[in-house]
Amino acid sequence: MAMDATLPLDRYVVDTLMGDLVGHDRKPSAFLVYLLIEASDGGALSYTMIAERTGLSRRSCQAAIAHLERRRLIAVTRRAGNEAAIFRPVRPWRR
């Protein structure tokens, strides 16, 4: 991702989702990972890539992904073998 690029976010992400994940769920790592997935434009990401880009441990990233999946905030397409998974943000507030 280019350093001068901007990431347009739904107002909901900042106004509601941030408070819900960070405050209520006490999972700030899940919010960081969600933002990274939003910025990835559907590209393949490995847990190592997510950890490097967020500054979190690989295990924290795995827990954040699991939490986001449980909350149905992301859809994960797992690929064969050691290939990176495809993470796609789900926006239930847009229904």
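Sequential numbering from 1 along the given sequence is applied to the chain's residues.
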Exercise. Any ring pair (Phe, Tyr, Trp, His ring centres under 6.0 Å) pairs touching residues 13-48, not counting sequence neighbours?
Worked result: none
For this session: Not counting sequence neighbours, which residues clear salt bridge (charged side-chain N to carboxylate O under 4.0 Å, His left out) with Glu52? List them please.
Result: none
Exercise. Does Arg70 have any salt bridge (charged side-chain N to carboxylate O under 4.0 Å, His left out) partners at least two apart in sequence or in another chain, and if so, which?
Worked result: none
Problem set entry | Atom of Thr54, atom of Leu32 and distance for their closest heavy-atom approach | CG2-O, 4.3 Å
For this session: Quick one: list whatever passes side-chain hydrogen bond (donor to acceptor under 3.5 Å, both in side chains) with Ser57, sequence neighbours left out.
Result: Ser60
For this session: Can you tell me which residue pairs pass the salt bridge (charged side-chain N to carboxylate O under 4.0 Å, His left out) test with a partner in residues 6-20, sequence neighbours excluded?
Result: Asp10-Arg94, Arg11-Asp15, Asp20-Arg71
Exercise. Considering residues at least two apart in sequence or located in another chain, which fulfil the side-chain contact (heavy atoms from CB on, under 4.5 Å) criterion with Ala63?
Worked result: Arg59
Seminar exercise, completed: Heavy-atom nearest pair, Ser29 first then Leu56, reads CB-CD1, 3.6 Å
Exercise. Given side chains that start at C-beta, do those of Phe87 and Thr77 come closer than 4.5 Å, heavy atoms only?
Worked result: no
Exercise. Cluster question for you: counting only ILVMFWY and a side-chain heavy-atom cut-off of under 4.5 Å, with indirect links fine, are Ile86 and Val33 together?
Worked result: no
For this session: Locate the shortest heavy-atom distance separating Glu38 from Pro89; write the atom from each residue and the value.
Result: OE2-CB, 3.7 Å
Problem set entry | Any side-chain heavy-atom pair of Arg72 and Val90 under 4.5 Å | no
For this session: Apply side-chain contact (heavy atoms from CB on, under 4.5 Å) to Ala30 and list each qualifying residue two or more places apart in sequence or on a separate chain.
Result: Leu21, Lys27, Ala64, His67, Leu68
Seminar exercise, completed: Scanning both residues in full, the closest heavy-atom pair of Leu36 with Ile50 reads CD2-CA, 3.8 Å
Seminar exercise, completed: Across all chains, not counting sequence neighbours, the side-chain hydrogen bond (donor to acceptor under 3.5 Å, both in side chains) partners of Arg78 are Glu69
Exercise. Hey, does Val13 have a side-chain heavy atom less than 4.5 Å from the side chain of Leu35?
Worked result: yes
